[in-house]
Structures are given as structure tokens and as C-alpha cells.
Amino acid sequence: MAEKKKIAVIATGGTIAGTGPAGDAAGYRAGELPVEEVVSSVPGLGEIADLEMHTVCQVDSNDITFGAYREVKNLVEQLEADPSVDGVVITHGTDTLEETAFLLNLVLDVTKPVVITGAMRPATATSADGPANLMQAVRLAADDSARGMGVLAVFSNMVFAGRDVKKTDSMSTDAFRQNEFGLLGYVRDRTVSLIHRAYRFHTSKSRFNDVDLRDMPRVEIFYVHEESDPGLLRYMLESYDGVVIAGTGAGNYPKAVQDVIEAWDGDCMIVRASRLPEGEAIPDAVFDPKEKTIAAYDLMPHKARLLLMLGLKKGESMEEIQEDFRVY
Ligand SMILES: NC(=O)C[C@H](N)C(=O)O
């Protein structure tokens, strides 16, 4: 029989560590339970792997920060260098799990499995989903097939790529998808089946895995709708290092917004993304004839924001950042 693996569990909070009125699925406080209690609530977990526990923070994921990302990066890279550890599981709130998964996928210099998971119902709810997700995440992190796959997310038996995972449901326990990119595979009980591999660069092959996550550039998102306020966009361009436009359709906007973009000649870098969950915002001669923007392709605005921050932090030119959006 194969030797038992050792998995490090890093807690950051979220509903998986949430407590509230007995049985209820809502009205709870996220990030309350210590990781040891979350882990001990999962029957049989210790039989899958030896576990070591770490806590970076205990927050609702809406309050996650680059300070926490920096700590997670340092810790995961220490664990990568520790020959006694085989893989890492990160527990996290679901609201911003997709941002954290994408960011870590770009900045961690690792090849060991790194799996992020969470829960839609707090630990005190009837049929809490955290224990099953945690069990599946540990199972995946202990599986050799997960090595070199970048940051993976596990939710409700499904395995997703950190780059592509999206929260698509605000209530169901089946809350994550990666839309037209399907799934990477499944985990259930003792069976791990990885079927697809993410194509884009990540982790040990990412040019961002040496980025110092302190003092990050400030990037905000301008959400487009009918009669969007062009004055608000002008203010943002004057105030931030970068702005991501969450455009309609393929990254589009009203003429008044286009006029502001075309008149802009400051340092603030502009990325054109789409507010839609599927499809791409590609370079476009109709909405951006003067080539003032960087196309985000399929990345949602909140993921595009993180990639832009990393490119700006590296001091990259507009052309280099455009290339980042083609390969990451
Ligand atoms: N299901 C959850 O984890 C939601 C919670 N608000 C969080 O993101 O921390």
C-alpha cells in the first residue's frame, strides 16, 4: 500500500468556518471556527492523509487582502520546499474564491498540488457542504495527478482550474462552474479523475511568480450600462494606475465613454473586458480605433484587474500587458 501523504491545510476563513443559528443556511458569521475544528468535523479525513494546519486569517472572503495573499504565497512556497509535505489545501470564502484562485495560480512558484475550496453553508447548517468539499480537496491534493496542474479549485465533486473557476450561483451548494471550458475532472470518495488540463501558463511557469505583492498598483473597475457616467470614468483615469472597463457585449460602451477613452493620454492603463460570463473582448477597431485599450479576452473584469495589477507592478509597457492577456 502507498505511504500516507502529508497535506498542509491553510485556513483563510469563509463560510466553511462559519457559525450561525443551528440548522440555518443564512444569517451566519463567516470565518469563526478555528481550522482544527473544521478539520475534525470531517469523518475519515485523517485516514486519507496526515494533516498539518495553518491559519493565515479568519475572514469573510470579501475582506481578503493582498497582505493575506502575500502570507499565503510565502507559506505555500515554504511548504513546497519542505520534502515532508506532499500538497496544500486552502480553505476560503466563496465570494472571492475565484479572484484568489486566479491570483495564486499566477504568483505561486510551486509544482506540488495546491487546491482551494470552501462551502456555501456554514458548519452549523443542516447538511453543511464544507466537510465533503474539504474531504475532496484533501483527496485531490494527495493525488499525484494534481502535481504541476496549477492552482485547482474543488467544489461539489468537480475540479476547476484556478484561472477559469467562477462562482455562478449565490445560493446552491453547486455554486461553481467554468462555463464553456467545462471541468478539469471529478473527485468522489477514493476516486480522483482528472480529464483536462489548463492550457495557459501558471505557477512555476508564470513570469509573475517572483512579484513582491507589497504596495500593489491601484486598479478599479468601471461598470458599463446605458448612460454610464463618462465623468466617473474620467475621475477614475485621473485617480488610479489602471482601470478595467466592464463593457457590454464584447467589451463595448456608449459613445460618451469612448470619447473619454480617446481623449485620455495619461499614465493610467485601460483594459477592455466584458461584463458577460462567456465569450471574449478582443481588440476592436470600432470601439477602440485609436488603440487606447488592452483587450482582456475571456477574463472577467475582476480577474482582468488582477492580471493588470501584476503587469503594472512589473513595470510592463502596454504591449507587454496586452501579451500577458494572450498567454495567462
Ligand atoms: N459561502 C461563502 O463563503 C460566502 C462568504 N461571504 C465568504 O465569501 O466568505
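Indexing begins at 1, ligand by ligand and atom by atom, following the structure's order.
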Protein heavy-atom partner closest to [atom] - residue, atom, separation in Å:
| atom | value |
| --- | --- |
| atom 5 (C) of ligand 1 | Thr15 OG1, 3.4 Å |
| atom 1 (N) of ligand 1 | Thr94 OG1, 2.6 Å |
| atom 9 (O) of ligand 1 | Ser61 N, 2.8 Å |

*Could you pull out all residues at least two apart from Lys73 that satisfy salt bridge (Lys or Arg N to Asp or Glu O under 4.0 Å)?*
Glu77
*Which of the atoms of ligand 1 are close to Gly14, meaning less than 4.0 Å from one of its heavy atoms?*
9 (O)
*Any side-chain heavy atom of Val192 within less than 4.5 Å of one from Ser145?*
yes
*Given Thr100, Thr15, Val56, the one that forms side chain to side chain contact (heavy atoms under 4.5 Å, CB included) with His92*: Thr100
*Only one of Asp210, Asp212, Asp324 passes salt bridge (Lys or Arg N to Asp or Glu O under 4.0 Å) with Lys314; say which it is.*
Asp210
*Would a line drawn from the ring center of Phe222 to the ring center of Tyr253 be shorter than 6.0 Å?*
no
*What about Ala119: any of its N or O atoms under 3.5 Å from an N or O on ligand 1?*
yes
